[in-house]
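Structure first, commentary second.
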Amino acid sequence: MWVDYTKGLLEESGIAPDRLKMFNLSSSMAPKFKEAVDEMTEVAKKLGPTKIVSKAA
Amino acid sequence: MIVAERKPFEEIKAMIEGCKKVLVVGCGECVSVCMAGGEKEVQILASQLRLAFEEEGKELEAGETTLERQCDKEYLEEIKDKIDDYDAVISMACGAGVQFLAEMYDSKYVYPALNTQFIGVAEREGEWSERCRACSDCVLAETGGICPIAVCAKGLLNGPCGGTNDGKCELSKEKDCAWTLIYNRLNKLGKLDNIREIFPAKKYSVQTTPGRRIHEAFKEKE
């Protein structure tokens with residue numbers, strides 16, 4: 001529910017909603033965690049960079 | 001509480017076109033409870049605006065603050081030292097709060113971020129329904145605590161109309177017939193005779209616009 005809502009907020013703001021996905025994992029699920037990171041890395045690579053530059057330094 | 005919902009993002013974004021610095025001001029009362037204009041919603045809107053402007057290569061500084069409420073001057077005063085730093089203000093209060101803020105800082109353009117909808121109650125988490133039209137002439141004593149003005153689609157004082165059908169309104173099967181609800185409530189309370197009373201036409205003379213109320217203790221003695 002809240003993930004879909006937040007995807008909508010991103011879309012409104014001009015950010016691809018696919019950049020957000022929720023994975024349910026426990027601390028003992030390291031292989032699954034890696035799979036999730038790999039999946040999101042591929043998504044980020046496919047979408048390319050946004051124009052947003054982090055001002056946090 | 002006063003129930004409101006946020007305007008579409010594109011509408012808010014278009015309002016502040018050309019602004020370089022905006023202050024997003026939330027309200028900690030009703031609109032905070034109905035998840036439309038509280039601290040969290042201020043953070044979301046300000047973040048969205050920053051992202052959207054930056055994505056379009058435009059400059060925008062969006063400040064954030066949430067006041068206890070925007071319908072009291074003592075709380076609006078809290079932004080007096082910072083408001084001059086901004087080109088415009090986006091108020092996330094109800095229509096009353098937006099106007100009071102705009103009145104107090106009349107040299108600053110104040111934009112509304114919400115559409116104010118009604119006076120209502122929280123049915124369940126994330127769902128609200130209208131219960132009062134603020135008609136200045138309450139009839140709830142006779143109707144078993146159910147308002148025919150706010151709950152009946154036609155606002156009928158003497159119902160039900162011919163459109164009632166198995167407890168539902170002719171306008172929608174999703175909508176309860178207010179007068180069936182009133183009948184059932186009065187029956188439960190043993191006050192069914194109340195329904196025989198014919199209400200005269202409503203006293204619209206008490207619905208002065210704009211409404212104003214002065215507490216007895218604050219009235220000037222003649």
Side-chain angles (χ1 to χ4, degrees), chain A, chain B residues 4-22 24 26 31-64 85 90 92 111-115 122-128:
Chain A
M1 179 178 78
W2 288 107
V3 177
D4 288 341
Y5 170 74
T6 310
K7 278 172 173 277
L9 294 174
L10 286 175
E11 193 163 17
E12 283 179 338
S13 314
I15 311 293
D18 289 348
R19 291 185 187 277
L20 178 72
K21 186 172 175 179
M22 182 171 159
F23 298 87
N24 286 311
L25 301 164
S26 77
S27 57
S28 61
M29 295 166 75
K32 284 278 179 197
F33 176 74
K34 184 190 174 296
E35 278 176 29
V37 171
D38 286 346
E39 182 184 327
M40 294 313 287
T41 303
E42 281 310 308
V43 169
K45 278 182 181 168
K46 198 171 151 193
L47 291 169
T50 69
K51 290 177 189 161
I52 314 293
V53 181
S54 174
K55 291 196 173 77
Chain B
E5 68 177 358
R6 202 183 83 175
K7 284 178 173 289
F9 180 69
E10 283 303 318
E11 187 181 337
I12 300 170
K13 191 163 149 268
M15 285 177 195
I16 59 161
E17 193 64 46
C19 293
K20 297 266 188 275
K21 288 181 81 174
V22 294
V24 184
V31 294
S32 183
V33 179
C34 68
M35 300 191 280
E39 189 175 5
K40 191 163 78 177
E41 290 74 31
V42 165
Q43 290 168 351
I44 289 171
L45 178 59
S47 301
Q48 274 193 286
L49 288 169
R50 284 185 214 109
L51 287 171
F53 272 67
E54 195 158 349
E55 186 67 17
E56 291 176 7
K58 294 176 187 165
E59 188 189 327
L60 180 76
E61 189 180 324
E64 303 171 15
D85 296 340
I90 299 174
M92 297 197 80
Y111 297 102
L114 306 185
N115 287 323
E123 295 268 7
R124 56 188 68 84
E125 192 180 13
E127 187 176 334
W128 299 269

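Reminder, nothing fancy here: chain letters follow the sequence lines and each chain counts from 1.
Within residues 32-48 of chain B, the residues having any heavy atom less than 4.5 Å from a heavy atom of chain A are, in residue-number order, M35(B), I44(B), Q48(B). Of residues 9-19 of chain B, those residues with a non-hydrogen atom less than 4.5 Å from any non-hydrogen atom of chain A are, in numerical order, F9(B), E10(B).
Residue-environment remark: NZ (K21(B)) exceeds the threshold of 12 foreign heavy atoms within 6.0 Å. Within 6.0 Å of atom CZ in F23(A), more than 12 heavy atoms from other residues, nucleotides or ligands are found, so the atom counts as buried in its surroundings.
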Identify each donor-acceptor pair in which a side-chain atom of residues 39-49 of chain A lies under 3.5 Å from a protein atom, sequence neighbours left out, and give them as a table.
residue	atom	partner	partner atom	Å
E39(A)	OE2	K21(A)	NZ	2.6
T41(A)	OG1	V37(A)	O	2.6

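When the side-chain hydrogen bond (donor to acceptor under 3.5 Å, both in side chains) test is applied to R50(B), the partners found at least two apart in sequence or on another chain are E64(B).
Heavy atoms closer than 4.5 Å to chain B are found in the side chain of I15(A), but not in its backbone.
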